[in-house]
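Encoded as structure tokens, the structure appears first; notes follow it.
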Amino acid sequence: METLKIGLGTAAIGRPHYINIRNATTAAFDLKSFKKKAFQVLNAAYKKGIRYYDTAPGYGIAEQIVSEWIKTKNDSTIEIATKWGYVYTANFDLNADIHELKDHGVDQLIKQWEDSKILFPNLTTLQIHSATFESGVLENDAVLQKMAELKSIQNIHIGLSVSGDNQVEVLKRALEIKIDGQPLFEVFQVTYNILDQSLHSIIELIKKNKNRIVIKEALANGRILPNADYPHYYKLYSILEGLAKKHKVGVDAIALRFCIQSIDPFMVLSGASEVQHVKDNLKANTFELSQEDLDILYSFKVKPSKYWSERKQLQWN
């Protein structure tokens with residue numbers, strides 16, 4: 001089996017709610033217990049060999065938790081990637097109307113960068129959080145110049161994450177951006193899974209310059225897990241359960257394995273919020289899907305417009 005290509009995304013351990021399908025909970029929020037659980041998940045990931053951790057200021061207190069945790073490891077092989085551009089506003093209120101706000105201005109970049117420096121010496125990557133045409137961030141010369149400056153002075157990777165039914169178009173634009181004749185972006189965090197396979201149309205162009213591809217939302221925010229609310233995916237659920245039984249793993253491992261084999265990315269992010277979920281996710285590194293298996297899973301792709309329209313209906317929980 002190849003080198004471990006699974007990293008840990010920290011959105012679910014940095015704030016007590018995320019856009020996802022999960023079991024509802026009425027338990028009162030307790031910060032001390034929340035941080036303790038986050039450390040348990042991080043330690044479980046580390047013990048299983050994960051060395052790539054993705055975080056962001058928009059993920060509640062994820063950066064603070066990760067910065068405290070890496071001090072307990074003193075391990076230079078740990079890579080931390082962070083992002084800038086979202087401000088967490090819910091303040092741990094599970095019933096908040098607004099959980100985050102986007103700000104892709106240069107002042108926000110400078111402010112959040114100053115906060116993110118607590119992740120050194122393990123901080124290797126700075127990304128625009130959910131770059132879109134609407135925010136104008138890819139046309140903002142002040143932002144692009146500042147990121148190029150940080151890339152040079154701090155010797156870090158510069159990248160961006162993308163979301164939405166036009167993520168391929170955003171990626172194409174990002175690949176065109178050069179500062180002083182050199183491409184600015186070298187890390188591309190992209191939504192890719194059994195349902196949204198649009199990344200395939202641009203994969204070779206991204207890989208051409210040995211850029212890093214990091215896959216997020218490999219489980220489609222939980223939609224690829226059997227759910228009575230999505231009867232149109234019943235055939236997919238049946239196929240996934242059959243593959244899971246065949247390889248003696250969970251459906252989550254099948255989904256992650258699909259991403260690893262079909263894209264060969266730098267990393268696929270696990271969004272685990274429980275220790276057991278980390279262990280289950282990492283079973284993706286214990287088997288291989290056959291070409292026949294892959295071809296069957298390829299057949300379940302949907303149009304990006306349909307995928308993202310459905311995603312927008314998911315609630316914070």
Side-chain angles (χ1 to χ4, degrees), residues 1-15 18 20 34-56 59-83 116 118-127 156-157 159 161 187-193 212-222 247 249-289:
M1 199 60 61
E2 78 278 13
T3 302
L4 185 64
K5 289 192 173 186
I6 296 177
L8 183 69
T10 61
I13 64 171
R15 58 190 183 196
Y18 192 60
N20 213 340
F34 182 76
K35 291 182 68 173
K36 180 180 179 181
K37 183 179 177 181
F39 264 67
Q40 290 172 342
V41 172
L42 289 166
N43 281 324
Y46 183 82
K47 288 178 181 177
K48 286 291 184 177
I50 288 179
R51 294 295 182 271
Y52 188 87
Y53 299 82
D54 179 84
T55 189
Y59 297 162
I61 56 171
E63 282 194 328
Q64 293 92 321
I65 289 173
V66 171
S67 71
E68 291 176 22
W69 175 75
I70 56 176
K71 288 180 175 63
T72 70
K73 297 304 174 191
N74 190 30
D75 184 346
S76 61
T77 68
I78 295 175
E79 277 201 57
I80 308 296
T82 193
K83 297 180 282 291
S116 296
I118 60 173
L119 298 168
F120 277 127
N122 298 85
L123 179 61
T124 67
T125 307
L126 177 66
Q127 304 155 108
I156 57 174
H157 299 293
S161 70
V187 181
F188 299 83
Q189 189 176 131
V190 188
T191 294
Y192 176 80
N193 50 57
R212 290 181 168 187
I213 295 177
V214 178
I215 301 301
K216 64 187 180 76
E217 298 186 14
L219 305 186
N221 304 100
H247 293 287
V249 297
V251 167
D252 59 315
I254 299 297
L256 290 164
R257 188 71 211 170
F258 170 79
C259 294
I260 291 171
Q261 284 187 231
S262 63
I263 293 296
D264 188 24
F266 173 68
M267 286 287 162
V268 177
L269 296 179
S270 160
S273 60
E274 305 281 346
V275 169
Q276 188 58 50
H277 294 166
V278 173
K279 295 177 180 179
D280 291 343
N281 284 180
L282 284 170
K283 290 178 182 178
N285 215 49
T286 64
F287 67 96
E288 288 191 3
L289 295 168

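For the atom pair I215 CD1 and I6 CD1, the distance stands at 12.0 Å (nearest 0.5 Å). From I78, atom CD1 reaches atom OG1 of T124 across 11.5 Å, with rounding to the nearest 0.5 Å. Taking CD1 of I70 as the start and OH of Y53 as the end, the distance is 10.5 Å to the nearest 0.5 Å. From I80, atom CD1 reaches atom CG of L119 across 6.5 Å, with rounding to the nearest 0.5 Å. With rounding to the nearest 0.5 Å, the separation of CZ in R257 from OG in S262 is 10.0 Å.
Taking each heavy atom of A218 and C259 in turn, the nearest pair found is CB-SG, 3.8 Å. Closest approach of A284 to A253, counting heavy atoms only: CB-O, 3.5 Å. Contact record, V187 with H157: CG2-CB, 3.7 Å, taken as the closest heavy-atom pair. The two residues Q64 and S67 come nearest to each other via the heavy atoms O-OG, 2.8 Å. When all heavy atoms of I156 and L126 are compared, the closest pair comes out as CD1-CB, 3.9 Å. Considering all non-hydrogen atoms of both residues, G7 and I50 come closest at CA-CG2, 4.0 Å.
Shown are L123, I13, T82, L8; of these, the side chain to side chain contact (heavy atoms under 4.5 Å, CB included) with T55 is made only by T82.
Checked against side chain to side chain contact (heavy atoms under 4.5 Å, CB included), K35 has the following partners two or more places apart in sequence or in another chain: L31, I61, I65, E68. The ring pair (Phe, Tyr, Trp, His ring centres under 6.0 Å) test applied to H247 returns F287, not counting sequence neighbours. Applying the side chain to side chain donor-acceptor pair (under 3.5 Å) test to S116 and every residue at least two apart in sequence or in another chain returns E63. Applying the side chain to side chain donor-acceptor pair (under 3.5 Å) test to T191 and every residue at least two apart in sequence or in another chain returns K216. By the salt bridge (charged side-chain N to carboxylate O under 4.0 Å, His left out) test, K48 pairs with no residue at all, sequence neighbours left out. Residues passing the side chain to side chain donor-acceptor pair (under 3.5 Å) test with D54 are K83, Q127, Q189, sequence neighbours excluded. By the side chain to side chain contact (heavy atoms under 4.5 Å, CB included) test, N74 is found to be paired with no residue, residues two or more places apart in sequence or in another chain being considered. By the salt bridge (charged side-chain N to carboxylate O under 4.0 Å, His left out) test, K279 pairs with no residue at all, sequence neighbours left out. In this view, N281 and D252, L256, S270, A272 satisfy the side chain to side chain contact (heavy atoms under 4.5 Å, CB included) rule, not counting sequence neighbours. T77 is linked by a side chain to side chain donor-acceptor pair (under 3.5 Å) to D75, counting only residues two or more places apart in sequence or in another chain.
Counting non-hydrogen atoms of neighbouring residues, nucleotides and ligands closer than 6.0 angstrom, the NZ atom of K36 reaches no more than 12 such neighbours.
A donor-acceptor pair shorter than 3.5 Å can be found between the side chains of N43 and K73.
For R51 and Y46, the positive end sits near the middle of the six-membered ring, less than 6.0 Å away and at most 45° from its axis.
Residues in residues 250-274 take part in these ring pair (Phe, Tyr, Trp, His ring centres under 6.0 Å) pairs, two or more places apart or across chains: Y52-F266, Y192-F258, F258-Y298. Residue pairs meeting the salt bridge (charged side-chain N to carboxylate O under 4.0 Å, His left out) criterion with at least one partner in residues 261-275, sequence neighbours excluded, are K5-D264, K37-E274.
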Test log, rule side chain to side chain contact (heavy atoms under 4.5 Å, CB included), inputs V66 and N122: CA-CA 10 Å; V66 171; N122 298 85; over 6 Å; no

